[in-house]
Amino acid sequence: MNERHRIVQILSQGLGVGTEEIDTLLEIPSDRSRGDLALPCFRLAGVLKRPPADIAKQAAADLSEKAVAGLASVEAVGGYLNIRFDPAVQAKKVLQAILDQGERYGSNEVGAGKTVVLDYSSPNIAKPFSVGHLRSTVIGASVGNLLAFQGYRCVRINHLGDWGTQFGKLIVAYRKWGEEVDLEGPSPIKALLKLYVRFHDEAEADPSLEDQGREWFKRLEDGDPEATSIWERFKSLSLVEFQRMYDRLGVEFDTYSGESFYNDKMQPVIDRLQEKGLLVESRGAKIVDLEPHGLTPIIIQRSDDASLYATRDLAAACYRHETYAFDKNLYFVATQQNEHFKQVFKTLELLGEPWAKDCVHVAFGLISFAEGVMSSRKGKVIFLEDVLDQAVERVDRIIAEKNPELPNRTEVAEQVGVGAIRFYDLSRRRIKDWVFDWARILNFDGDTGPYVMYTHARLSSILRKGVERGMSPLREAASIEFSALDNPEAIEILKDLENFPRAISRAAEEYEPSILAQTLVDIADHANRFYNAHHVLVEQPSVAGTRLLLVACVRTLLRTGLGLLGIAAPEEM
RNA sequence: GCGCGUGUAGCUCAGCUGGAUAGAGCGACAGCCUCCGGAGCUGUAGGUCGCAGGUUCGAAUCCUGCCACGCGUACCA
């Protein structure tokens with residue numbers, strides 16, 4: 001923003017305060033009817049030894065003297081200096097920018113030449129793809145989109161949970177009761193889940209099963225042919241089901257190399273820990289003592305020499321750095337694993353890896369049920385597929401009621417239903433826990449995905465109707481009829497349009513898609529108010545053309561924003 | 001016990017680097033289809049920002065203590 005720069009200079013000179021200080025002090029008023037920019041003068045009062053109101057008054061005088069282009073008014077109110085830009089000038093500028101950049105409006109190149117590795121989704125083989133996995137999947141995918149929009153090269157990794165003691169357990173269960181379940185049916189994972197649940201039931205009575213499970217995992221790790229072939233079958237059956245989810249969600253990965261991929265890459269890491277004298281034996285296991293750093297010990301090798309999750313994560317981090325030379329290495333994993341990632345990152349640091357500081361655990365809260373936590377061991381899970389199906393079905397019923405003539409009804413129902421679920425998960429800050437509630441997740445009124453999509457559809461509809469009546473949006477913002485936008489509803493939207501790039505940047509920097517989701521709700525809200533209060537397709541061509549331009553621009557932003565969240569924007573619904 | 005996190009309206013949540021009367025949605029109540037799609041719009045009611053101190057001209061926001069809840073706390077991931 002050029003005016004801002006100019007304003008900072010004038011104020012800095014007039015008041016005799018550094019430009020940087022002025023710049024950090026300048027803010028957007030919480031109540032924007034007060035102006036577009038404000039300078040609270042209280043802090044300056046201390047430095048300048050003058051009353052704040054005095055400073056504000058002088059600053060106002062300084063500014064009005066210099067006649068900055070595009071400034072509408074400048075006034076001192078109490079200790080505040082309030083600055084207002086000429087709304088017509090602002091409007092032209094932002095509308096033209098969107099006209100020029102289209103769906104790229106809001107993007108930038110801050111990440112050009114940099115690489116970010118994103119580890120997300122990462123479901124466990126042979127376990128259901130539950131609503132719990134939804135979080136990692138959609139947050140990770142969306143942050144990837146946001147970072148790519150900022151010019152970063154993104155490497156998307158699905159770090160499949162395809163290794164570990166659980167497979168030993170499952171192999172034991174399969175060998176004992178495998179014939180009692182149907183692995184060739186429509187949902188082999190449900191069959192595997194039965195085996196897993198049964199294992200834990202029986203293990204309560206017969207604890208030796210746990211030992212057998214550990215033993216079979218050890219065999220798997222040592223390359224035992226029977227163990228390997230059973231494991232491979234589980235894996236391929238699972239991947240088919242996962243792919244079905246990813247297709248519906250429109251989520252993609254550059255690689256599916258999971259934990260098993262690192263089975264032969266752990267030894268070098270263990271050796272290096274050994275060389276550095278970090279590895280110590282304790283209670284039969286090999287650990288790195290992290291107590292001096294306020295952390296519990298990280299277990300590198302079990303007493304039976306089998307590997308652990310932490311070992312594989314260390315190997316994976318090193319591999320990723322060698323392979324991709326990342327600038328950031330992100331893990332989209334629940335808060336439960338806070339300590340684990342602290343341990344891993346600290347260990348990398350102790351190994352002398354300077355890039356340890358570029359590893360970030362992008363944590364999110366857990367999903368629970370009113371009755372308690374989800375647990376695949378007890379078979380208490382909600383399958384994501386069931387949630388998506390319910391949502392789509394509900395959308396379909398609503399369409400049947402409100403818009404029965406809609407073409408592509410099945411396709412749109414799928415888009416809106418899946419979008420609703422995605423938006424629900426992305427719309428609150430990641431760190432928050434939430435309790436799964438069918439009534440809430442299937443509600444499509446108010447601050448929801450369907451509301452944003454609906455607004456997009458309404459705007460699309462207005463544009464279509466406009467064309468039918470021989471009207472079209474202006475192609476040059478310079479020729480707008482500003483009086484057509486000179487009302488509180490339109491002004492509010494123009495501010496939204498202006499702030500959009502900043503919302504995107506914040507969402508990307510903080511790895512927080514909810515910032516974008518909330519912004520979209522605000523825009524949709526303002527758009528709804530606007531077209532309820534003001535007719536777009538009016539007689540006067542200049543007014544209609546101007547309002548159509550505004551409609552087209554808002555629609556573009558909603559489309560861009562939904563796209564970054566991985567949500568479709570149907571023209572009708 | 002210790003570590004990390006969360007605590008804002010009945011419920012679900014916003015509140016950007018501390019700033020001018022704390023904002024939405026759901027639910028409740030009252031209205032709005034001779035007008036571009038009512039998954040919408042307008043209005044009303046509803047808040048000691050967990051509690052107590054402190055820093056500051058100014059604190060929901062920063063610091064300390066306490067309380068409540070969640071997660072973690074050695075061979076699961």
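Residue numbering restarts at 1 for every chain, and letters A, B, ... go by the order of the sequence lines.
- Comparing A/Cys41 and A/Arg312 by the nucleotide of RNA chain B that holds the closest heavy atom to each, the one mapping nearer the 5' end is A/Cys41.
- Side-chain to base pairing of A/Thr335 with B/G5: no donor and acceptor N or O lie closer than 3.5 Å to each other.
- As judged by a 4.0 angstrom heavy-atom cut-off over every strand, A/His534 is placed among the base-contacting residues.
- Judged by atom type and distance alone, A/Arg440 does not reach the base of B/C26 through any side-chain donor-acceptor pair under 3.5 Å.
- Note that A/Arg394 lies in the cation-pi zone of A/Phe444, set by a 6.0 Å cut-off to the ring centre and a 45° limit from the axis.
- In the set B/C75, B/A77, B/C71, B/A77 carries the atom at the smallest distance from any side-chain atom of A/Tyr309.
- Between B/C75, B/C16, B/A77, one nucleotide has an atom nearer to the side chain of A/Ala285 than all others, and that is B/C75.
- Taking the O4'-C1'-N9-C4 or O4'-C1'-N1-C2 dihedral as appropriate, B/C33 has a value within 90° of 0 and is therefore syn.
- Across all strands shown, A/Met453 has no heavy atoms under 4.0 Å from either base or sugar-phosphate atoms.
- Residue-level contact check: A/Arg43 touches the bases, meaning some heavy atom is under 4.0 Å from a base atom.
- Backbone-only contact: A/Arg529 has heavy atoms under 4.0 Å from sugar-phosphate atoms and none from a base.
- Counting only N and O atoms by type, the side chains of A/Ser307 and A/Glu221 include a donor and acceptor under 3.5 Å apart.
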Please table the atom pairs, donor to acceptor, closer than 3.5 Å between any side-chain atom in residues 412-422 of chain A and protein atoms at least two apart or in another chain.
residue  : atom : partner  : partner atom : Å
A/Glu414 : OE1  : A/Arg248 : NH2          : 3.1
A/Glu414 : OE2  : A/Arg248 : NE           : 2.9
A/Arg422 : NE   : A/Leu565 : O            : 3.0
A/Arg422 : NH1  : A/Leu249 : O            : 2.5
A/Arg422 : NH1  : A/Gly566 : O            : 3.4
A/Arg422 : NH2  : A/Leu565 : O            : 3.4

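- Nearest to the side chain of A/Asn532, among B/U6, B/C41, B/G37, sits B/C41.
- Under the 6.0 Å cut-off for aromatic ring centres, A/Trp434 and A/Phe364 do not qualify, their centroids lying 6.0 Å or more apart.
- For B/G15, the OP1/OP2 oxygens have a side-chain nitrogen or oxygen of A/Arg429 closer than 4.0 Å.
- For A/Ser282 against B/A74, a side-chain N or O and a base N or O form a donor-acceptor pair under 3.5 Å.
- Side-chain atoms of A/His133 and A/Asn124 include no donor-acceptor pair closer than 3.5 Å.
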Secondary-structure notation, RNA chain B, from Watson-Crick and G-U pairs under 3.5 angstrom (| other strand): (((((((..((((.....[...)))).(((((.......))))).....(((((..]....))))))))))))....
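- Just one residue in the list A/Ile270, A/Asp289, A/Ile287 forms a side-chain contact (heavy atoms from CB on, under 4.5 Å) with A/Leu279, and that residue is A/Ile270.
- A/Ser461 comes within contact range of at least one nucleobase, with a heavy-atom separation under 4.0 Å.
- Side-chain contact, A/Thr296 with A/Glu339: a donor N or O sits under 3.5 Å from an acceptor N or O.
- The listed nucleotides are B/A39, B/G15, B/C35; the one nearest the side chain of A/His535 is B/C35.
- In the interface, the side chain of A/Asn82 is paired with the base of B/A20 through a donor and an acceptor atom under 3.5 Å apart.
- Side-chain atoms of A/Thr165 stay outside donor-acceptor range of the base of B/C76, with no qualifying N/O pair under 3.5 Å.
- Comparing atom distances between the A/Ile431 side chain and each of B/A39, B/C13, B/G5 picks out B/G5 as nearest.
- Comparing B/A39, B/G72, B/G25 by their nearest atom to the side chain of A/Gln336 picks out B/G72.
- When side chains are defined from C-beta on, A/Glu572 counts as touching A/Arg464, because their heavy atoms get closer than 4.5 Å.
- Closest-nucleotide positions on RNA chain B for A/Tyr451 and A/Lys342 were compared, and the one nearer the 5' end corresponds to A/Lys342.
- In this structure, of B/G70, B/A77, B/A14, it is B/G70 that holds the atom nearest to the side chain of A/Leu366.
- For B/A77, its base sits under 3.5 Å from the side chain of A/Gln337 at one donor and acceptor pair at least.
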